Protein chains: 2
Amino acid sequence: MKKGHQVTMKEIAKKLGVSVSTVSRALKDSPELHPETKKRIVEMAKSMNYQYNLLAQSLRISKSKVLGVIVPELTSHFFSSNISGIQDTAYKRGYNIMICQSNESFEQEKANVRTLVSSQVDGLLISLSRETKNYEHLMELYNREIPFIMFDRVTEDIPVSKVTVDDAHGAYLAVKHLLEQGCKKVAYFSGPEDLYISKKRKEGYLKALSEFGIPASESKVYMTDLTSEKNREVTLAMLASEDRPDGIFAMIDPLAIDIMMVLKEQGLKIPEEIALAGFTNNPTSAVIEPSLTTVSQPGYEMGQIAANHLLDQLDDLVPDEPQSFVLLTTLVPRNSSKKKPNA
Amino acid sequence: MKKGHQVTMKEIAKKLGVSVSTVSRALKDSPELHPETKKRIVEMAKSMNYQYNLLAQSLRISKSKVLGVIVPELTSHFFSSNISGIQDTAYKRGYNIMICQSNESFEQEKANVRTLVSSQVDGLLISLSRETKNYEHLMELYNREIPFIMFDRVTEDIPVSKVTVDDAHGAYLAVKHLLEQGCKKVAYFSGPEDLYISKKRKEGYLKALSEFGIPASESKVYMTDLTSEKNREVTLAMLASEDRPDGIFAMIDPLAIDIMMVLKEQGLKIPEEIALAGFTNNPTSAVIEPSLTTVSQPGYEMGQIAANHLLDQLDDLVPDEPQSFVLLTTLVPRNSSKKKPNA
DNA sequence: ATGAAAGCGCTAACAA
DNA sequence: TTGTTAGCGCTTTCAT
């Protein structure tokens, strides 16, 4: 299937007996043009159904007005919120976005970076895959001075701007809340150890424990690769453990929900026998039963801020020095943790 | 912030004392080249950190290898599944995707079409906004012979390929199931009347009723604009109605879930007093309580099929005639409707 | 097996 | 106020 012919400036010029530059100027609404000529050209363009060729412009001005976005997966509500924020913001500022998903694969992520760079995106917004522990591909972007920033799944090893939430504090709020509800033995269910958010949220967990004078124990930290199978397996292992926890803080909501399913299936009362809190505030968490206590993470706003900052950098509206944006999280107490009626 | 310099073929050519055409041929692995020259060039390119400029290629060959995608919203699980399928497929076949969201606005959708066309996408995949009742912008694409196809939210007024599910049949399955469970008065909760899926699913609803010898009544059809407020309002109106339904088929899961919330809040037993079924099979539906009976709609596969078909058209692998892909849906019976233990 | 040259559609410095 | 010209980075036909 071949595309139909597209009208070019050249054709408009010919029809009107003017030069292409004049057409270009008229269509750009340049002031140094006779209003009459401008009018004729604009009208002719409209009548010929002229459509600007952004590709040609991009090549000429060495700017594509396209932002590349790489996320681990498109179907997670959190990431699609991010993208939504990025897309709306970019669009408002005259940019389009090109999207890739790494599917949590390091190799795929590297390939994504490559194609987006080849496509001449003006900048990139990246959220790292679970597998990414080596940052050479990012270092290369950095060395080649291709503007990019990271969000949510970031690394501190690369000196670029980052947009995250106060992961440690959010986790602290959740765990503190569980302790305030009377939990004595709170477990932390964590994703892969080297994930930035796994670490940060653990910090908050430990801080809350220590504040309540509870000695931390590695036996209360449960690690999963975040697949449903593993989540289930680890939860069952926890239930079978000698010193069964009476409260759980899960690193992300989907994990918390998997845990909840197992607890319910095993006939445990939530929150009476075991309280539960997550992190993200996915839509599901509000409607599940019992409703899930969680920490809200403003995905859409993160996307907006990330995109605006990157575009500000591109437009030299802000200094080039990397900046860190840390968004606030808030605790959303719900029934999965409320042991006390007044809480 | 300015981007760093990018190496071009010209520079490689100069360094090696060959012509640009030779470099181009080497990098394309053209057979009519001395293997030795080819090797030298490829190695030089690597050592100079050469990155292909897809933009320049696109302009030259009049193909961007980019697909444009327009969806009503990015954050819905169904649409992000579609996009995921489209992205994976496109990527595998050497294409990138550019994404826009219409935010359910007709004006925005028209603007999206315009920018994507300006960006010289090779083809478009479109799912219509709720507001779209006028198809001139699509007709223009059609007349300008820009390949595009529609998915999920389609219109029959434009002769292009479409990817949908058997909406009517899926709805029929759901309603039949409710009737088999003993419901006597089944209501249909519908989105905006002129939406393709509203109409199709109503067809299925009516068919099931007639098969069970139940006279259809417009008073059992409840219309909402799908906002949570309106959903709630309409549900309350239904509960207050004289002849209260004992079963509800909701056009999409999010609507079903809003309805469920109101029913639970009003103290109604689901499914005993009122049974409920949705359509889409969102992840939430499986974990909510009671779990929601629904019709599964393969979003990812729809995206794959849509993208593959469009690319097949672009590559002349299939005839240009519009084709309709109707994917099968299956009933997913869950607790929100199971009145009989053996069902 | 390789090079020269034209050109994709546009912009912008320079000329007139 | 408008035109001429060169060129963005690449591909491809036509020579050699």
Side-chain angles (χ1 to χ4, degrees), chain A residues 2-42 44-45 48-66 115 117-122 144, chain B residues 2-42 44-45 48-66 94 117-122 144:
Chain A
K2 59 191 177 318
K3 280 211 287 191
H5 174 72
Q6 297 233 35
V7 178
T8 67
M9 289 191 183
K10 202 171 164 185
E11 297 172 52
I12 299 179
K14 199 151 114 200
K15 270 244 162 106
L16 254 32
V18 296
S19 76
V20 225
S21 1
T22 306
V23 176
S24 171
R25 282 189 271 249
L27 265 24
K28 285 225 120 66
D29 203 25
S30 156
E32 48 177 12
L33 217 59
H34 193 97
E36 182 56 36
T37 330
K38 196 187 286 183
K39 197 168 151 248
R40 279 171 56 221
I41 296 176
V42 171
M44 177 59 82
M48 291 176 76
N49 224 321
Y50 172 76
Q51 276 279 352
Y52 203 89
N53 187 328
L54 279 174
L55 224 56
Q57 188 197 42
S58 300
L59 182 61
R60 178 61 236 240
I61 67 174
S62 310
K63 275 185 192 177
S64 62
K65 296 276 193 170
V66 175
T115 41
V117 169
S118 279
S119 297
Q120 309 297 115
V121 294
D122 290 339
R144 296 181 53 190
Chain B
K2 58 192 179 317
K3 282 210 288 189
H5 174 72
Q6 297 232 33
V7 178
T8 67
M9 289 188 181
K10 202 171 163 185
E11 296 172 52
I12 299 177
K14 198 151 115 202
K15 271 243 162 103
L16 253 34
V18 296
S19 76
V20 229
S21 357
T22 307
V23 176
S24 172
R25 283 190 269 252
L27 265 23
K28 286 225 118 66
D29 203 26
S30 154
E32 48 176 12
L33 217 61
H34 194 99
E36 183 54 38
T37 330
K38 195 186 288 186
K39 194 165 153 252
R40 279 172 55 223
I41 294 176
V42 170
M44 178 57 84
M48 290 176 78
N49 223 321
Y50 172 76
Q51 276 279 351
Y52 203 89
N53 186 329
L54 279 175
L55 225 55
Q57 187 197 42
S58 300
L59 183 61
R60 178 61 236 242
I61 67 174
S62 310
K63 275 185 193 181
S64 62
K65 296 274 193 173
V66 175
V117 168
S118 279
S119 297
Q120 309 297 115
V121 295
D122 289 340
R144 296 181 54 191

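Computed from a predicted structure; not experimentally measured. Computed from heavy atoms alone, side chains included, the values below leave out hydrogens, waters and symmetry copies. Residue numbers begin at 1 in each chain, while the letters A, B, ... track the order of the sequences.
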**OP:** Check the distance between D:dG7's P and A:Leu55's CG and give it to me in whole angstrom.
**Re:** 21 Å
Subject >> Which nucleotide in D:dT2, C:dG3, D:dC10 has an atom nearest any side-chain atom of B:Ser19 >> reply: C:dG3
**OP:** Calculate, to the nearest 0.5 Å, the distance between atoms CD and CD belonging to B:Gln6 and B:Glu11 respectively.
**Re:** 10.0 Å
Original post:
Is there a side-chain polar atom (N or O) of B:Thr37 under 4.0 Å from OP1 or OP2 of C:dT2?
Top reply: yes
**OP:** Starting from P on C:dC8, measure out to CD on B:Gln57 and report it in whole angstrom.
**Re:** 17 Å
Original post:
Hey, is the main chain of B:Asn53 close enough, under 3.5 Å, to the side chain of A:Ser118 for a donor-acceptor pair?
Top reply: no
Original post:
Taking atom OG1 of A:Thr115 and atom CD of B:Gln51, what is their separation to the nearest 0.5 Å?
Top reply: 9.5 Å
Set out, line by line, the N/O atom pairs under 3.5 Å between protein and nucleotides 13-16 of chain C.
none

Original post:
Is A:Glu32 touching bases, backbone alone, or none of the nucleic acid, heavy atoms closer than 4.0 Å?
Top reply: base
Subject >> Distance, rounded to the nearest Å, where A:Met9 contributes CE and D:dT4 contributes P >> reply: 17 Å
Original post:
Rounded to the nearest 0.5 Å, how far does CD1 of A:Ile12 lie from CD1 of A:Ile41?
Top reply: 8.0 Å
Original post:
When the nearest nucleotide of DNA chain C is assigned to B:Gly17 and to B:Ile61 on a heavy-atom basis, which residue is associated with the more 5' position?
Top reply: B:Gly17
Original post:
Given that B:Pro31 and B:Ala56 both sit by DNA chain C, which one's nearest nucleotide is further toward the 5' end?
Top reply: B:Pro31
Original post:
Within the pair A:Tyr50 and C:dC10, is there a side-chain N or O less than 4.0 Å away from OP1 or OP2?
Top reply: yes
Original post:
Within this structure, what is the CG-to-C1' distance between A:Asn53 and D:dG9, rounded to whole angstrom?
Top reply: 15 Å
**OP:** Can you tell me the distance, in whole Å, between the NZ atom of A:Lys14 and the P atom of C:dC10?
**Re:** 15 Å
Original post:
Can you tell me how far C1' of D:dC8 sits from CD of B:Gln51, to the nearest Å?
Top reply: 18 Å
**OP:** Give the rounded distance in Å between these two atoms: CG of A:Asp29 and C1' of D:dT1.
**Re:** 15 Å
Subject >> Nucleotide nearest B:Leu33 (side chain, heavy atoms from C-beta), chosen from D:dG9, C:dT2, C:dC10 >> reply: C:dT2
Original post:
Which is true for B:Ser58 with a 4.0 Å heavy-atom rule: it touches a base, it touches only sugar-phosphate, or it touches nothing?
Top reply: nothing
Original post:
Mind checking what makes salt bridge (charged side-chain N to carboxylate O under 4.0 Å, His left out) contact with B:Lys65, not counting sequence neighbours?
Top reply: none
Original post:
Which of the following nucleotides, C:dG9, C:dT2, D:dC8, is nearest to the side chain of B:Lys10?
Top reply: D:dC8
**OP:** Describe the nucleic acid contact of A:Leu59 in one word from base, sugar-phosphate, nothing, applying a heavy-atom distance below 4.0 Å.
**Re:** base
Subject >> Residue-phosphate contact under 4.0 Å: B:Thr22 side-chain N/O, C:dT2 OP1/OP2 >> reply: no
Donor-acceptor list for residues 24-31 of chain B side chains, cut-off 3.5 Å, not counting sequence neighbours:
unit_1  : atom_1 : unit_2  : atom_2 : d
B:Lys28 : NZ     : B:Tyr52 : OH     : 2.9
B:Asp29 : OD1    : B:Lys38 : NZ     : 3.2
B:Ser30 : OG     : B:Glu32 : N      : 3.4

**OP:** Please work out if A:Ser62 contacts a base, only the sugar-phosphate, or nothing of the nucleic acid, heavy-atom cut-off 4.0 Å.
**Re:** nothing
Original post:
Between OG of A:Ser62 and CD of A:Gln57, what distance do you get to the nearest 0.5 Å?
Top reply: 11.0 Å
**OP:** To the nearest 0.5 angstrom, please state how far the CD atom of B:Gln120 sits from the CG atom of A:Leu55.
**Re:** 6.0 Å
Original post:
Nearest-Å distance, CG (A:Leu54) to C1' (C:dC10)?
Top reply: 11 Å
